[in-house]
Chemist: 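First the structure, then my questions, so here it is.
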Amino acid sequence: MNYFQTISNTLRSEIESLIAEGSLAEGLDLSRVGVEQTKDPAHGDLASNVAMVLAKAAKTNPRELGQLLADRLAARQEFESVEVAGPGFINMRLVPGFWTGLLPDVLRAGTSYGDCDLGKGETINVEYVSANPTGPMHIGHARGAVIGDALATLLAKAGHKVTREYYINDAGAQVDVLARSAYLRYREALGEDIGEIPDGLYPGNYLKKTGVDLANRDGKKWLDTSEEDWLPVFREFAIDSMMDLIRDDLAALGVSHDVFSSERSLVGSGVNDEVVSELESRDLVYMGTLEPPKGKRPDDWEERPQLLFRSTNFDDDVDRPLKKGDGDWTYFASDIGYHRDKFRRGFANMIDVWGADHKGYVKRMQSAVKAITEDSGELDVRLCNLVNLLEDGKPAKMSKRAGSFVTLREVVDEVGKEAVRFMMLTRNSDVSLDFDLKKVTEQSKDNPVFYVQYAHARICSVLRNAAEEFPNLSLDDSSLTGADVADLQDPGELAMIKELASWPQVVENAATAHEPHRIAFYLSDLASSFHAFWNRGNAEEALRFIVPGDAPKTLGRLALARSVAIVIASGLAVMGVEPVEEMR
RNA sequence: GCGCCCGUAGCUCAGUAGGAUAGAGCACAGGAUUCCUAAUCCUGGGGUCGCAGGUUCGAAUCCUGCCGGGCGCACCA
């Protein structure tokens with residue numbers, strides 16, 4: 001189903017038969033041989049670099065080798081012509097039916113067109129969001145959520161067995177702060193005037209409900225008790241209540257996870273001790289003293305011996321502490337335990353989606369993964385840069401409810417989850433992104449969400465109108481499979497078909513690179529080809545999708561239109577966006 | 001000081017297992033609507049791909065050095 005793969009295989013088999021005949025030396029390295037679509041139609045449909053790549057090893061020159069291969073290929077039925085050009089490119093022009101023959105395949109496959117077996121069914125773990133359970137999600141979290149979610153879907157489409165995971169950071173000091181903040185709200189719920197929320201506690205109103213819920217459950221039970229008594233209770237309750245909040249926010253975005261892992265329970269079950277003693281036995285931890293950081297020396301720096309992991313053995317810059325001054329585990333230590341836990345659960349392939357502010361942490365985590373998996377595991381970290389929330393070009397005003405940040409919920413309520421998801425995927429994850437609340441709801445081509453959806457809606461509209469024009473034809477996909485598509489040879493039609501042909505390649509490349517944003521770019525391009533052809537129907541009636549009185553022609557065009565709609569829908573599905581049937 | 005990322009059209013950015021004349025949108029200028037949604041499309045100008053070397057048939061892409069910008073750099077998460 002991947003046309004480039006098909007042609008590439010043809011090429012390889014011709015090379016092999018040349019080798020078998022003794023016309024070419026054995027043992028050539030074919031790994032750099034590629035086939036790609038040409039940019040310039042004068043170069044045919046497809047071009048290969050094979051002759052230039054192999055010429056040296058084959059002890060010949062590119063043009064000569066190219067001609068040899070070109071002659072072989074030209075004899076095959078799928079090629080109309082094959083030429084050697086420029087420094088040795090093999091330019092291939094396929095017979096017209098080769099391209100249009102794709103359409104029935106797409107119609108039959110539906111949105112599974114583009115699926116591939118790149119992942120070979122291997123498991124992969126994608127961890128994303130992992131926001132601290134201390135409050136509602138803000139817009140920055142949303143980016144990681146969408147990118148992680150889309151990446152997971154993309155990898156599944158590419159043949160991986162994907163597990164979506166959320167790591168709950170519920171073990172650090174910040175959840176104690178949460179507990180104290182909840183305690184204050186609890187007292188407030190019981191009628192006390194708590195005044196201003198003191199510095200260092202979470203001021204957000206979202207904790208009021210937690211306080212009320214606690215008061216309803218336990219009454220005045222905790223009013224005159226000491227902190228060490230109530231803290232664990234409040235902590236647990238508040239974490240649960242914050243996780244409910246976060247799960248609701250995620251649901252509003254259409255993001256879900258298969259597994260929620262709790263740092264607290266992992267540490268509680270002793271994984272940190274386990275992993276450290278394992279590393280100890282391999283001489284990878286030691287008591288040592290770190291140099292103060294160069295350049296900017298913290299005021300409260302004190303030299304002290306710490307339990308350190310030899311991350312420098314695994315390409316890190318300095319060894320990293322596993323225990324804090326107070327004897328507790330560092331976050332890093334827990335993270336090592338967590339990643340080993342993932343590895344033990346069968347995930348040699350791991351992807352973490354983090355905020356860009358954790359950039360400095362990537363190397364040490366990768367070095368730890370190398371150590372604990374003895375180099376049989378792989379961790380890729382996708383960093384998500386900032387989201388600049390704008391309103392008509394100007395920085396958006398701050399949220400009233402949450403204080404200093406705009407909550408995800410407010411944005412979703414304002415512009416809808418589809419727009420949020422699409423926009424989050426219009427940039428590579430590691431560059432910052434302008435998110436304009438005004439623009440994403442605009443119905444114009446400036447708004448890629450609209451632009452792509454509009455193409456899909458137009459196609460649905462064509463189908464509706466065609467059903468009225470030809471009430472006796474069946475226009476469902478399986479009927480369209482039988483349409484005569486051979487004369488869809490207008491450059492505009494062929495442009496769309498070739499674009500559809502490259503979809504499996506786009507999926508494969510995006511999955512390999514772990515870059516779901518490529519899907520969004522592809523869809524914009526495909527929509528553009530569609531709109532362009534559509535508009536040519538303004539000037540030339542013969543190019544319209546519906547040709548009154550000409551059922552065969554109309555069916556052929558509808559087969560093309562539906563194929564475009566299917567690929568748009570399948571790309572949107574990767575992004576987690578619902579295609580619309582009409583614009584309102 | 002060290003590390004990572006970035007530098008492509010006036011602006012925002014695509015484009016990395018090296019491919020032919022470097023793309024798109026915005027902005028700017030002009031044009032298309034008795035027509036399936038003009039909510040769209042078409043045409044045009046606009047570039048030393050930060051700079052300098054190197055690798056090679058070929059470099060925005062790989063390597064080295066430099067310039068410019070961003071982020072991070074005991075213990076916090």
Side-chain angles (χ1 to χ4, degrees), chain A residues 31-32 34 36 38-40 42-43 47-49 52-53 55-56 61-62 85-89 91 130 132 134 169 171-175 263 289-298 300-304 306 308 316-318 320-321 323-326 328 330-332 334-335 355-363 383 385-386 426-428 430-434 442-448 450-451 454-455 457-459 461-466 468-469 509 512-513 517-518 520-521 524-525 528 530-541 544-548 554 557 561 582-583:
Chain A
S31 64
R32 289 171 57 220
E36 55 188 38
T38 57
K39 291 172 206 150
D40 184 346
H43 297 146
S48 175
N49 60 358
M52 293 175 289
V53 169
K56 193 174 259 182
N61 72 66
F89 287 101
N91 290 338
S130 301
N132 295 333
T134 54
N169 296 135
Q174 89 282 0
V175 288
E263 178 183 2
T289 309
L290 289 173
E291 306 256 313
K294 301 239 163 65
K296 181 189 76 175
R297 186 177 177 132
D300 56 347
W301 167 265
E302 54 179 88
E303 189 175 286
R304 68 161 162 269
Q306 288 174 298
L308 298 173
D316 199 2
D317 310 309
V318 288
R320 304 292 182 177
K323 287 209 170 174
K324 302 192 263 185
D326 62 6
D328 271 357
T330 58
Y331 182 79
F332 179 50
S334 298
D335 231 357
D357 53 335
H358 289 62
K359 182 182 271 185
Y361 203 80
V362 173
K363 239 187 202 178
L383 296 173
N385 217 314
L386 298 178
T426 54
R427 287 275 179 281
N428 198 338
D430 67 0
V431 305
S432 63
L433 167 78
D434 287 346
E442 234 168 57
Q443 301 209 333
S444 78
K445 58 181 297 196
D446 297 10
N447 175 5
F450 171 80
Y451 188 75
Y454 185 34
R458 272 183 157 171
I459 293 168
S461 161
V462 168
L463 265 291
R464 285 190 297 266
N465 287 318
E468 285 189 21
E469 182 71 32
N509 290 344
T512 304
H517 74 284
R518 295 187 187 205
F521 280 96
S524 292
D525 288 346
S528 171
F530 175 79
H531 288 308
F533 184 73
W534 173 287
N535 274 275
R536 286 184 54 211
N538 290 334
E540 294 177 61
E541 286 191 29
R544 293 183 191 170
F545 285 92
I546 298 170
V547 187
T554 301
R557 290 259 166 77
E582 57 186 319
M583 308 305 297

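Owing to the predicted nature of the structure, the values given are computational and were not obtained by experimental measurement. So that the names make sense, note that chain A is the first sequence line, chain B the second, and so on, each numbered from 1.
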Chemist: Please classify the nucleic acid contact of A:S432 as base, sugar-phosphate, or nothing, using heavy-atom distances under 4.0 Å.
Modeler: sugar-phosphate
Chemist: Counting the atoms with a prime plus P, OP1 and OP2 as sugar-phosphate, which does A:E469 contact under 4.0 Å by heavy atoms, base, sugar-phosphate, or nothing?
Modeler: nothing
Chemist: Just to be sure I understand the rule, does A:A466 reach a base, reach only the sugar-phosphate, or reach nothing, if contact means heavy atoms closer than 4.0 Å?
Modeler: nothing
Chemist: Rounded to the nearest 0.5 Å, what separates atom CZ in A:F521 from atom CZ in A:R427?
Modeler: 6.0 Å
Chemist: What is the separation between atom NE2 on A:H358 and atom P on B:C73, rounded to the nearest whole Å?
Modeler: 10 Å
Chemist: Considering non-hydrogen atoms only, spot the tightest contact between A:N169 and A:E263 and give its length.
Modeler: CA-OE1, 3.5 Å
Chemist: Quickly work out the A:K324 NZ to B:A74 C1' distance and round it to whole Å.
Modeler: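 A:K324 atom NZ is separated from B:A74 atom C1' by 13 Å.
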Chemist: Distance check, C1' atoms only: B:G23 and B:G46, in whole angstrom units.
Modeler: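 The same atom, C1', in both gives a distance of 14 Å.
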Chemist: Looking only at atom types and distance, does a side-chain atom of A:N49 sit under 3.5 Å from a main-chain N or O of A:G34, one as donor and one as acceptor?
Modeler: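 A pair under 3.5 Å: yes.
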Chemist: Using whole Å, report how far CG of A:D525 lies from C1' of B:G23.
Modeler: 9 Å
Chemist: Considering every strand and a 4.0 Å limit on heavy-atom distances, what is the contact class for A:D316: base, sugar-phosphate, or nothing?
Modeler: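 If one applies the 4.0 Å heavy-atom cut-off, A:D316 turns out to touch nothing in the nucleic acid.
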Chemist: Please give, in whole Å, the distance from B:C4 P to A:D317 CG?
Modeler: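 Whole-Å distance recorded here is 7 Å.
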Chemist: When the C1' atoms of B:A24 and B:C66 are compared, how many Å lie between them, rounded to an integer?
Modeler: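 These two C1' atoms come out 32 Å apart once rounded.
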Chemist: Using atom P in both nucleotides, what's the gap between B:G50 and B:C6 to the nearest angstrom?
Modeler: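 Those two atoms are separated by 12 Å.
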Chemist: Provide the distance between the two C1' atoms, one in B:A59 and one in B:C75, to the nearest whole Å.
Modeler: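 Those two atoms are separated by 46 Å.
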Chemist: Taking the P atom in each of B:C63 and B:G72, what is the distance between them to the nearest angstrom?
Modeler: 26 Å
Chemist: With rounding to the nearest 0.5 Å, note down the distance linking NE2 in A:H358 to CG in A:D335.
Modeler: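 If we round to the nearest 0.5 Å, A:H358:NE2 and A:D335:CG are 9.0 Å apart.
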Chemist: When rounded to the nearest Å, what value does the distance between P atoms of B:C41 and B:G25 take?
Modeler: 8 Å
Chemist: Is any side-chain N or O of A:Y361 closer than 4.0 Å to OP1 or OP2 of B:C76?
Modeler: no
Chemist: Regarding A:N132, tell me which of base, sugar-phosphate or nothing describes its non-hydrogen contacts under 4.0 Å with the strands shown.
Modeler: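 Here A:N132 touches the backbone only, sparing every base.
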Chemist: Hey, is the side chain of A:N509 pairing donor to acceptor with the base of B:A17 inside 3.5 Å?
Modeler: no
Chemist: Using a heavy-atom cut-off of under 4.0 Å over every strand shown, decide if A:R32 touches base, sugar-phosphate, or nothing.
Modeler: base
Chemist: Quick one: does A:S432's side chain have a donor or acceptor within less than 3.5 Å of a partner on A:N385's backbone?
Modeler: no
Chemist: Between A:R427 and B:G15, is there a contact of a side-chain N or O with OP1 or OP2 at under 4.0 Å?
Modeler: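 Checking A:R427 against B:G15: no side-chain N or O falls below 4.0 Å of OP1 or OP2.
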Chemist: Send over the distance from A:F332 CZ to B:C76 P, rounded to a whole Å.
Modeler: 11 Å
Chemist: Which listed nucleotide (B:A20, B:A14, B:C75) is nearest to the side chain of A:N428?
Modeler: B:A14
Chemist: Categorize A:P62 for me: base, sugar-phosphate, or nothing, with a 4.0 angstrom heavy-atom threshold over every strand shown.
Modeler: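 Nothing, no heavy atom under 4.0 Å.
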Chemist: Please check if the distance between the ring centroids of A:F530 and A:F545 is under 6.0 Å.
Modeler: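 A:F530 vs A:F545: aromatic centres under 6.0 Å.
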Chemist: Check for a donor-acceptor pair, side chain of A:D430 on one end and backbone N or O of A:L383 on the other, with a separation under 3.5 Å.
Modeler: no
Chemist: Measuring from A:Q174:CD to A:N132:CG, what's the distance to the nearest 0.5 Å?
Modeler: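 Here the rounded value is 4.5 Å.
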Chemist: Between A:L290 (CG) and B:C2 (C1'), how many Å, whole number?
Modeler: 14 Å
Chemist: Ignoring backbone atoms, establish whether A:K56 has a side-chain N or O less than 4.0 Å from OP1 or OP2 of B:C57.
Modeler: yes
Chemist: Can you check the A:D328 CG to B:C76 C1' distance for me, whole Å?
Modeler: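 Checked: the CG to C1' distance equals 12 Å.
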Chemist: Base, sugar-phosphate, or nothing: which does A:V53 touch, judged by heavy atoms less than 4.0 Å apart?
Modeler: base
Chemist: Minimum heavy-atom separation for A:R518 and A:N509, please, with both atom names.
Modeler: NH1-CB, 3.9 Å
Chemist: Could you check whether A:Q174 gets within reach of a base, just the sugar-phosphate, or nothing at all, counting any heavy atom under 4.0 Å?
Modeler: sugar-phosphate
Chemist: Counting distance alone, no hydrogens or angles: does the base of B:A14 have a donor or acceptor under 3.5 Å from a partner atom on the side chain of A:H517?
Modeler: no
Chemist: Classify A:V431 by what it touches in the nucleic acid, base, sugar-phosphate, or nothing, heavy-atom distance under 4.0 Å.
Modeler: sugar-phosphate
Chemist: For A:F89 and B:G19, do the ring centres fall under 5.5 Å apart while the planes stay under 30° apart?
Modeler: no
Chemist: For B:G10 and B:G47, measure between their P atoms and round to the nearest Å.
Modeler: 7 Å
Chemist: My validator wants the stems of RNA chain B: runs of 3 or more consecutive Watson-Crick or G-U pairs, both distances under 3.5 Å, written as range with range.
Modeler: B:1-7 with B:67-73, B:10-13 with B:23-26, B:28-32 with B:40-44, B:50-54 with B:62-66
Chemist: Name the nucleic acid region contacted by A:R458, choosing base, sugar-phosphate or nothing; use a 4.0 angstrom heavy-atom cut-off, strictly under.
Modeler: sugar-phosphate
Chemist: With nearest nucleotides of RNA chain B determined for A:L383 and A:G172 from heavy-atom distances, which residue corresponds to the more 5′ nucleotide?
Modeler: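 Comparing both residues, the 5'-ward one is A:L383.
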Chemist: Does a side-chain N or O of A:K39 approach OP1 or OP2 of B:A20 to a distance below 4.0 Å, or not?
Modeler: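 Looking at the OP1 and OP2 atoms of B:A20, one of them is under 4.0 Å from a side-chain N or O of A:K39.
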Chemist: Could you tell me the separation between the CD atom of A:E291 and the P atom of B:C75, rounded to a whole number of Å?
Modeler: 15 Å
Chemist: Assign A:N169 to base, sugar-phosphate, or nothing according to its heavy-atom contacts below 4.0 angstrom with the strands shown.
Modeler: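 Here A:N169 touches the backbone only, sparing every base.
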Chemist: Side-chain N or O of A:N465 less than 4.0 angstrom from OP1 or OP2 on B:U37?
Modeler: yes
Chemist: Determine whether a donor-acceptor pair (N or O, by modelled atom type, separation under 3.5 Å) exists between the side chain of A:H43 and the backbone of A:A85.
Modeler: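 Flag not set: sc A:H43 to bb A:A85 has no pair under 3.5 Å.
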Chemist: Return the 5'-most residue of the pair A:R536, A:A539 with respect to RNA chain B, ranking by each residue's nearest nucleotide.
Modeler: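 This one resolves to A:A539.
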Chemist: How would you label the contact of A:Y331 with the nucleic acid (heavy atoms, under 4.0 Å): base, sugar-phosphate, or nothing?
Modeler: base
Chemist: Write down the distance separating the P atoms in B:A74 and B:G18, rounded off to the nearest Å.
Modeler: 38 Å
Chemist: How many angstroms lie between atom CZ of A:F533 and atom CZ of A:R557, to the nearest 0.5 angstrom?
Modeler: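 If we round to the nearest 0.5 Å, A:F533:CZ and A:R557:CZ are 4.5 Å apart.
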Chemist: Identify whether any heavy atom of A:H531 sits under 4.0 Å from a base atom; if not, whether one sits that close to sugar-phosphate; answer base, sugar-phosphate or nothing.
Modeler: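 Counting heavy atoms under 4.0 Å across all strands, the contact made by A:H531 is with sugar-phosphate only.
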